[in-house]
Amino acid sequence: MKSAKEFARWLLERLSQYQEGVYLTRSDILELTDRQRFAQDYVTDIHFEVAQFGMGFVTDANRESFYFFKLPKTHWKTVGDIYPSEDNEIPTVDHKVQPIKQFKQD
């Protein structure tokens with residue numbers, strides 16, 4: 001059974017060169033760590049270990065997919081303020097998302 005620190009070291013050595021990051025499934029982690037199960041604390045401990053090297057390790061809400069990625073270095077304020085002012089406007093982006101429910105406008 002691999003500790004979070006050992007698994008974090010393995011992730012850094014084998015996968016940190018992928019700029020776009022990688023994902024692993026729950027079964028991948030169970031196989032790679034020789035564990036039968038693991039809790040959210042294990043994921044948190046892995047994240048703590050890799051964050052020291054500019055990487056992140058998080059899971060989705062169902063804890064079925066796990067994401068290993070480079071942590072951004074750009075602070076959101078340097079990219080731009082999301083609130084419009086007289087000096088700047090929010091750029092419009094068409095994501096082609098359809099609303100679930102249409103509301104009537106008066």
Side-chain angles (χ1 to χ4, degrees):
M1 184 179 325
K2 286 188 174 65
S3 69
K5 191 171 197 165
E6 291 171 320
F7 187 59
R9 189 176 316 122
W10 182 88
L11 286 169
L12 288 165
E13 290 172 358
R14 302 289 194 310
L15 304 173
S16 63
Q17 72 272 16
Y18 294 99
Q19 295 296 318
E20 69 279 357
V22 297
Y23 78 93
L24 300 95
T25 64
R26 173 175 281 282
S27 60
D28 292 335
I29 294 174
L30 292 173
E31 180 181 344
L32 290 167
T33 61
D34 294 327
R35 290 177 166 262
Q36 294 180 356
R37 62 179 182 79
F38 59 90
Q40 181 62 35
D41 289 346
Y42 188 68
V43 175
T44 303
D45 291 346
I46 294 168
H47 177 75
F48 174 80
E49 294 295 334
V50 299
Q52 299 172 55
F53 299 95
M55 302 296 291
F57 188 76
V58 297
T59 184
D60 63 3
N62 297 325
R63 292 190 300 177
E64 292 298 324
S65 295
F66 300 82
Y67 305 93
F68 180 62
F69 56 93
K70 291 193 183 299
L71 294 174
K73 294 180 180 175
T74 305
H75 189 267
W76 72 274
K77 286 185 179 179
T78 61
V79 178
D81 191 3
I82 62 166
Y83 296 105
S85 67
E86 293 176 12
D87 298 337
N88 65 357
E89 294 181 21
I90 297 177
T92 57
V93 179
D94 184 15
H95 292 291
K96 298 180 182 172
V97 176
Q98 300 298 322
I100 295 172
K101 184 177 181 180
Q102 295 285 341
F103 291 97
K104 291 182 181 180
Q105 293 182 348
D106 295 329

ask   = Are Tyr23 and Met55 co-members of a hydrophobic cluster defined by side-chain heavy atoms under 4.5 Å apart?
value = no
key: ILVMFWY cluster, Leu24 and Leu30 together (side-chain gap under 4.5 Å)   = yes
message = What I'd like to find out is whether the side chain of Phe7 reaches to under 4.5 Å of the side chain of Ile29, using heavy atoms alone.
response = yes
remark   = For residues 29-40, the salt bridge (charged side-chain N to carboxylate O under 4.0 Å, His left out) pairs (sequence neighbours left out) are none
Thr78 side chain to Thr74 backbone, donor-acceptor under 3.5 Å = no
Would you give me the side-chain donor-acceptor pairs under 3.5 Å for residues 38-48, sequence neighbours excluded?
residue, atom, partner, partner atom, Å
Tyr42, OH, Lys2, O, 3.1
Thr44, OG1, Gln40, O, 3.1
His47, ND1, Phe57, N, 3.1
His47, ND1, Phe57, O, 3.4

message = Per the salt bridge (charged side-chain N to carboxylate O under 4.0 Å, His left out) rule, what does the pair list look like for residues 10-28, sequence neighbours excluded?
response = Arg26-Glu64
inquiry  = Any heavy-atom pair between the side chains of Asp60 and Tyr67 that's under 4.5 Å?
reply    = yes
key: Closest non-hydrogen atom pair, Leu12 against Phe53   = CD1-CD1, 3.4 Å
note = Those residues at least two apart in sequence (or on a different chain) that pass side chain to side chain contact (heavy atoms under 4.5 Å, CB included) with Ser27 are Thr25
query = When clusters are formed by joining ILVMFWY residues with side-chain heavy atoms under 4.5 Å apart, either directly or through shared neighbours, do Leu11 and Leu71 land in the same one?
reply = no
query = Trp10, Phe66: one ILVMFWY side-chain cluster at the under-4.5 Å cut-off?
reply = yes
task = Look only at the side chain of Lys70 and the backbone of Ser16, and say whether a donor-acceptor pair between them is shorter than 3.5 Å.
result = yes
request  = Apply ring pair (Phe, Tyr, Trp, His ring centres under 6.0 Å) to Phe68 and list each qualifying residue two or more places apart in sequence or on a separate chain.
outcome  = none
